[in-house]
Amino acid sequence: MHDVLFPYARDRLAGFVSAHAGEADIAAALAELDTIAPGAPPVATLLELMDRDAKIGPLKLIQGRIWAEGFAAGELTGRLYPDVAPALRAWRAGGLRLAIYSSGSEEAQRLLLRHTADGDLTGLFDQFFDTRIGGKRDAASYAAIARALGLAPAQVLFLSDVAAELAAAAAAGLKTTQIVRAEDQTIASPDHPTAPDIAAVMASLGCSDLV
């Protein structure tokens, strides 16, 4: 996201807005931007929001549309750590239900997973959640996800490298594991089980009650 997708969208913001401002969804997004920074040029507002890594609907929509064009043109490919796709396939084959919760839009999630070097992985997932369900550091968001999945919170395992997100999930009653990859320089939290990668997650927990 930070090394490839964000710079790709940033470089193409001005051209995209100019070319698509007349389309209904983009026009609505630009109008919403004007309520955030009245009178400011929309591209300047978008760039400022990107600098803050803001989780704002209009930004996520426009980023997602730019990425869609990049994936369709073959200029972008979803990058995953080598352990991820085999682990996801094994979990799915073993009967686990998989879902994603990301600050990236649902569209962006699907785009990335549809165009990976390991093939189209979207079929492995039952549901995709983004910040329309709530902020990633709010316990209510995780309670809402459990309800949407039709599960008790304790039946859901949430994986993240961000301690504040894990704390919110735990507060809602979810099981948690922090992914602490050495290459990410993640600082391990003492409050959650940890795993060095996705493949090691199930070995680190007693997860027989997860679905």
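Keep in mind that this is a model prediction, so the values were computed, not measured. Side-chain atoms are counted along with the backbone in the values below, which use heavy atoms only and exclude waters and symmetry mates.
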Does [X] belong to the same Ile/Leu/Val/Met/Phe/Trp/Tyr cluster as [Y], with side-chain heavy atoms less than 4.5 Å apart forming each link?
| X | Y | answer |
| --- | --- | --- |
| Val162 | Phe129 | no |
| Leu98 | Leu157 | yes |
| Val180 | Ile198 | no |

Nearest heavy-atom neighbours spanning [X] and [Y]:
| X | Y | result |
| --- | --- | --- |
| Ala68 | Glu107 | CB-OE2, 4.1 Å |
| Leu112 | Phe71 | CA-CZ, 3.9 Å |
| Ala172 | Ala143 | CB-N, 3.8 Å |
| Ala29 | Leu61 | CB-CD2, 3.8 Å |
| Leu30 | Pro42 | CD2-CB, 3.8 Å |
| Ala40 | Thr45 | CB-OG1, 3.6 Å |

Any donor-acceptor N/O pair, [X] side chain to [Y] backbone, under 3.5 Å:
| X | Y | value |
| --- | --- | --- |
| Asp161 | Gln178 | no |
| Thr116 | Gly119 | yes |
| Lys60 | Ala108 | no |
| Arg92 | Leu124 | yes |
| Asp197 | Ala199 | yes |
| Arg12 | Gly70 | no |
| Ser141 | Gly135 | yes |
| Asp126 | Ala99 | no |

Report yes if some heavy atom in the side chain of [X] is under 4.5 Å from a heavy atom in the side chain of [Y]; otherwise report no.
| X | Y | answer |
| --- | --- | --- |
| Phe158 | Glu165 | yes |
| Glu75 | Tyr8 | yes |
| Gln109 | Asp130 | yes |
| Arg79 | Leu5 | no |
| Leu151 | Arg97 | yes |
| Phe16 | Leu13 | no |
| Thr176 | Tyr142 | no |
| Arg89 | Leu121 | yes |

Can you tell me if Gln185 has over 12 outside heavy atoms packed within less than 6.0 Å of its CD?
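No, not enclosed.
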Aromatic Tyr81 / basic Arg181 pairing, under 6.0 angstrom, 45° off normal
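Geometry flag: set, cation within 6.0 Å and 45°.
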By the definition side-chain contact (heavy atoms from CB on, under 4.5 Å), identify the one residue from Arg52, Met50, Glu32 that meets it with Leu59.
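Only one of Arg52, Met50, Glu32 forms a side-chain contact (heavy atoms from CB on, under 4.5 Å) with Leu59, namely Met50.
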Can a donor-acceptor pair be found between the side chains of Thr122 and Asp120 at a distance below 3.5 Å?
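Distance-only check passes for Thr122 and Asp120.
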